[in-house]
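The structure under discussion appears below in the form of structure tokens.
Keep in mind that the numbers below use all heavy atoms, side chains included, and drop hydrogens, waters and symmetry copies. Letters go in sequence order (proteins before strands), and every chain restarts at 1.
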Amino acid sequence: MTEFKDEHNAVIGVFLQRLYRQIIKLSIFVRIFAQILNQDKMYRTHTCGELRISNVNQQVTLSGWVQKTRNLGGMTFVDLRDRYGLAQLAFNMETNAELCGQARKLGREFVVKIEGSVQERSNKNPKMPTGDIEIIVDEISILNKAETPPFTIEDDTDGGDELRMKYRYLDLRRNPVRKNLELRHKMAQEIRSYLDSVKFMEIETPVLIKSTPEGARDFVVPSRMNQSQFYALPQSPQVFKQLLMVAGYDRYFQIVKCFRDEDLRADRQPEFTQIDCEMAFVEQNDILNTFEDLAKHLFKKIMNVELKGDFLRLPYDEAMTFYGSDKPDLRFDMKFVDITELAKQNDFIVFNQAQYIGGICAEGCAGYSRKKLDKLTKFVQKPQIGAKGLVYVKCNEDGTYKSSIDKFYSQEDLKKWAGLFGAKPGDLLLILAGDRNKTLTQLSELRLEMGEQLGLRDRNKFTPLWVVDFPLLEWDEETERFHAMHHPFTSPKSEDIELMDSDPGKVRANAYDLVINGVEIGGGSIRIFDKELQQKMFKLLGFTPEQANEQFGFLMNAFKYGAPPHGGIAFGFDRWVALFAGIDSIRDVIAFPKNNSGRDVMIDSPSSVSKEQLDELLLKIVKKE
RNA sequence: GGUCUGGUAGUUCAGUUGGUUAGAAUGCCGGCCUGUCACGCCGGAGGUCGCGAGUUCGAGUCUCGUCCAGACCGCCA
């Protein structure tokens, strides 16, 4: 019995001991947890942008950057900033001279923590969200001093682009830049949640891949473990997403960095972000409908713009004929009118010898002065555009016509032209002539310029369209062979397949672009999923079977094992964000962009590497002659 | 690879046919100021005129070269 009792007691003892240990452990956890909580409260109870009149009399702790101090002698005001907004701190010489003195010494961009109470302002500032209140400060601690920044951290900064890029971390503190990044974040979130809701899976694909000669120049990365061999950074995850289709992941997407080693532009960075998508068991219409819905969803959710009806689907041929561009800005009409037949029958040698004569009708511009017309002529004569000259026809209010080539054409002739344009009295016809393709491109520039001058390119108006039926191939004069216009995996239209042998240039592809306001936002195609057809395509592009096998053998192999019909699209995420932000340069929607020469001036890259690094890679730098 | 534009104070810019000590605004420093919020007022400091040649009695200004930045053409399947 005693034995049992002792045993019983021992069990209880052990139990108590264990319980005690557990309680100790728990209390340590609680203490740490409380500390974490307190730590959080230690620096701030609120953010600078959130306090309102309803917070009056609350004791608060705020941390942030000093935006500005205003020293009025007896009083001092300090604007404290974080990414949520500004709060005004108030200091009074009478109530606390020492504290007020401290506040006066705060420099711009000092990081400070303050404690104080929220009070209603006697002088409210309706321009600020927090303009009804201010903080009467009890205590300041300087968490970190700051050197005077090289430019002002304000919406309208005095800093130029170069300086802002060098100190991008300061530039990012500014509202306009922050707003762009917030927009970017919201769009990415919305895209993910929308695509997820329609069963798309985000799958990551590798960044160190294989170089291929097609398309843009690759960024190349030397491999140490595989001497004298190189990876390439992906220009897009193209082949991987097709392999994912073979693998049965029938709806894939990825918001992913892509790399192209080509010269930069305002809308082109060497590393940029795509919304890369691919679907299996679809034809062109399925893709267009799916992503038209995504586009509409984004417009609604992000911009609060309701896009009514289906997007226009404009064949490439028509886009070129009527707008001279595969990415026409359809916020305004101003279609090209071809007057070759009518205008050719004459002595005017420029028109006589032209392959194409056509123009646009600028409504209500008949009153343009000589000076303005000369300026337009200079515009089309710029080397980048390259027109020889510009012919105008003013459709006067009195029904007469005034043209730069009156000598050659009668009023009757000009009237006929105006008829073709559907011009009304008061309108101005602007006409270019020459080689068909070149003239169409030049007219396109002129059309955009006129749209700009007439204020028809409103940033708050959005006119999306699909450009469809792109040519499969493009003849390259330099290499004297066909190039894939989209990429080598794009399928030809089934009704055009027979042309692949007879007239490859005429073959149309199941390829499409999404164009909004003259910006190419995205593009894609239905892919070839038949091994034979793919090989035929490689042959057309001038690959020997060996080359094709070496570069894309893995894809051909995969196609042997049951590839489903598939297709996809990729959107330029940076461009889309810039479009929504109403700006032209994608640099402003990228946190750390590269400059015109592909340099990051903040971290100063690219840079040279050590001799050891080169040796390890068996690389040697040879100076260019 | 090419065309164009620009480089002057910490910053944004002005600077006349080549001519005395290179200016303004803003920022910075100091002083004054009790309701500012683009605070105001007074004062001060601050310059390798991108760099290198050349022309000239004399160059921020003219010429050539070069570097840097931006826009565009080529390039960007």
Side-chain angles (χ1 to χ4, degrees), chain A residues 67-81 86-95 97 100 104-105 107-109 119-128 130-132 134 136 147-167 170 212-218 235-236 238-239 258-270 272 382-386 441 445 470-474 476-479 481-490 509 511 520 523-525 537 541 570 572 584-585 587 594-599 601:
Chain A
Q67 175 77 26
K68 184 150 229 172
T69 60
R70 288 181 294 277
N71 177 2
L72 275 69
M75 296 203 74
T76 293
F77 298 101
V78 175
D79 290 337
L80 193 66
R81 185 196 69 238
L86 279 180
Q88 175 166 285
L89 316 177
F91 300 85
N92 197 320
M93 234 14 199
E94 238 165 51
T95 50
C100 195
R104 285 177 187 180
K105 285 196 196 118
R108 277 163 57 202
E109 302 306 312
Q119 294 302 329
E120 186 171 358
R121 289 197 199 181
S122 56
N123 264 1
K124 294 185 179 158
N125 184 351
K127 283 185 245 166
M128 284 173 81
T130 60
D132 287 351
E134 64 193 358
I136 308 298
E147 280 187 26
T148 305
F151 52 88
T152 56
I153 314 290
E154 279 159 22
D155 292 4
D156 286 312
T157 180
D158 62 358
D161 285 348
E162 199 179 344
L163 204 64
R164 287 172 42 218
M165 288 309 154
K166 187 169 176 192
Y167 299 91
L170 296 179
T212 55
E214 277 287 307
R217 204 174 281 115
D218 283 317
Q235 298 176 24
S236 93
Q238 185 58 37
V239 288
C258 300
F259 306 85
R260 289 175 194 177
D261 187 7
E262 297 292 350
D263 284 11
L264 292 85
R265 292 284 188 281
D267 63 349
R268 261 162 44 189
Q269 285 270 304
F272 60 101
K382 283 199 300 191
Q384 294 97 314
I385 298 179
T441 314
E445 296 293 335
F470 276 84
L472 183 68
L473 303 161
E474 205 175 16
D476 182 42
E477 294 289 345
E478 218 172 282
T479 53
R481 65 179 186 93
F482 281 109
H483 271 280
M485 190 144 179
H486 188 54
H487 59 53
F489 318 111
T490 299
E520 184 194 329
S525 64
M537 181 71 176
L541 295 172
D584 295 322
S585 170
R587 270 172 226 185
K594 310 247 183 306
N595 76 4
N596 222 11
S597 352
R599 297 199 67 84
V601 290

Under 4.0 angstrom, heavy atoms only, what part of the nucleic acid is A:F151 near: base, sugar-phosphate, or nothing?
nothing

Among B:U36, B:G10, B:C76, the nucleotide that comes nearest once only the side chain of A:E262 is considered:
B:C76

When all nucleic acid strands are considered with a 4.0 Å heavy-atom cut-off, which category describes A:S122: base, sugar-phosphate, or nothing?
base

Given the C1' atoms of B:U12 and B:C28, what is the spacing between them in whole Å?
15 Å

Categorize A:P488 for me: base, sugar-phosphate, or nothing, with a 4.0 angstrom heavy-atom threshold over every strand shown.
base

Can you check whether A:K124 has a side-chain N or O nearer than 4.0 Å to OP1 or OP2 of B:G35?
no

So, OP1 or OP2 of B:U36: does either fall under 4.0 Å of a side-chain N or O from A:K68?
no

Charged N to carboxylate O under 4.0 angstrom, A:K124 versus A:E134?
no

Between B:G43 and B:C62, how far apart are the P atoms? Round to whole Å, please.
36 Å

Is it true that atom CD of A:E147 has more than 12 heavy atoms of other residues, nucleotides or ligands lying nearer than 6.0 Å?
no

Is there a donor and acceptor pair, one atom on the side chain of A:Q88 and one on the base of B:U36, closer than 3.5 Å?
yes

Of the nucleotides B:U11, B:G70, B:A38, which one has an atom closest to the side chain of A:N596?
B:G70

Heavy atoms from other residues, nucleotides or ligands near CG of A:D155 exceed 12 (cutoff 6.0 Å)
yes

Mark yes when over 12 heavy atoms from residues, nucleotides or ligands other than A:K382 sit less than 6.0 Å from its NZ; otherwise mark no.
yes

B:G18 and B:G30, which share atom name C1', separated by this distance in whole Å
40 Å

Is there a donor on the side chain of A:N92 or the base of B:U34 sitting less than 3.5 Å from an acceptor on the other?
yes

B:G65 -> Watson-Crick or G-U wobble partner, both distances under 3.5 Å, gives B:C51

Counting distance alone, no hydrogens or angles: does the base of B:G10 have a donor or acceptor under 3.5 Å from a partner atom on the side chain of A:R108?
no

Can you say whether a donor on the side chain of A:R268 sits under 3.5 Å from an acceptor on the base of B:C76, or the other way round?
yes

Can we say A:D263 and A:R268 salt-bridge, meaning some charged N sits less than 4.0 Å from an Asp/Glu carboxylate O?
no

Which base sits across from B:G19 as a Watson-Crick or G-U pair, both distances under 3.5 Å?
B:C57

Between B:U3 and B:G23, how many Å separate the two C1' atoms, rounded to a whole number?
34 Å

Remember a base hit wins even if backbone is also touched, and classify A:L86 as base, sugar-phosphate or nothing at under 4.0 Å, heavy atoms.
nothing

Just call it for A:E94: base, sugar-phosphate, or nothing, with non-hydrogen atoms closer than 4.0 Å on any strand.
base

Rounding to a whole Å, what distance do you find between A:D263:CG and B:G1:P?
9 Å

To the nearest angstrom, the CG-P distance between A:D156 and B:C13 comes to 14 Å

Base, sugar-phosphate, or nothing: which does A:R587 touch, judged by heavy atoms less than 4.0 Å apart?
sugar-phosphate

C1' gap between B:C39 and B:U34, integer Å:
13 Å

Rounded distance [0.5 Å steps], CG in A:L80 versus NZ in A:K68
15.0 Å

Provide the Watson-Crick or G-U wobble partner of B:G74, both distances under 3.5 Å; none if there is no partner.
none

If you only use heavy atoms from C-beta on, which nucleotide in B:C73, B:G35, B:A69 is closest to the side chain of A:E162?
B:A69

Can you tell me the base-pairing partner of B:A25? Count Watson-Crick or G-U wobble geometry only, both distances below 3.5 Å, and say none if there is no partner.
B:U11

Using a cut-off of 4.0 Å on non-hydrogen atoms, how would the nucleic acid contact of A:A266 be classed: base, sugar-phosphate, or nothing?
sugar-phosphate

Under 4.0 Å between a side-chain N or O of A:R70 and OP1 or OP2 of B:U34?
no

Within the structure, does a side-chain N or O atom of A:S597 lie under 4.0 Å from either OP1 or OP2 of B:A69?
yes

Could you tell me whether A:K382 contacts a base, only the sugar-phosphate backbone, or nothing, with contacts defined as non-hydrogen atoms closer than 4.0 Å?
nothing

Quick one: label A:M93 by what it contacts on the DNA or RNA (base, sugar-phosphate, nothing), any heavy atom closer than 4.0 Å.
nothing

Per atom distances to the A:N595 side chain, the nearest of B:C72, B:G70, B:U11 is B:G70

Is the base of B:G35 touched by the side chain of A:E134 through a donor-acceptor pair closer than 3.5 angstrom?
yes

For atom P, what is the distance between B:C29 and B:C4, given to the nearest Å?
44 Å

Got a donor-acceptor pair under 3.5 Å from the side chain of A:R599 to the base of B:C68?
no

Given the C1' atoms of B:U16 and B:U26, what is the spacing between them in whole Å?
25 Å

Return yes if some donor-acceptor pair links the side-chain N/O of A:Q269 with the main-chain N/O of A:R587 below 3.5 Å, else return no.
no

Could you tell me whether the phosphate oxygens of B:C39, OP1 or OP2, come under 4.0 Å of any side-chain nitrogen or oxygen in A:N71?
no

Closest to side chain of A:D158, choosing from B:U36, B:C72, B:U26:
B:U26

Is the shortest heavy-atom distance from the side chain of A:R70 to the side chain of A:D79 under 4.5 Å?
yes

Using atom C1' of each nucleotide, how far apart are B:C57 and B:G46 to the nearest Å?
32 Å

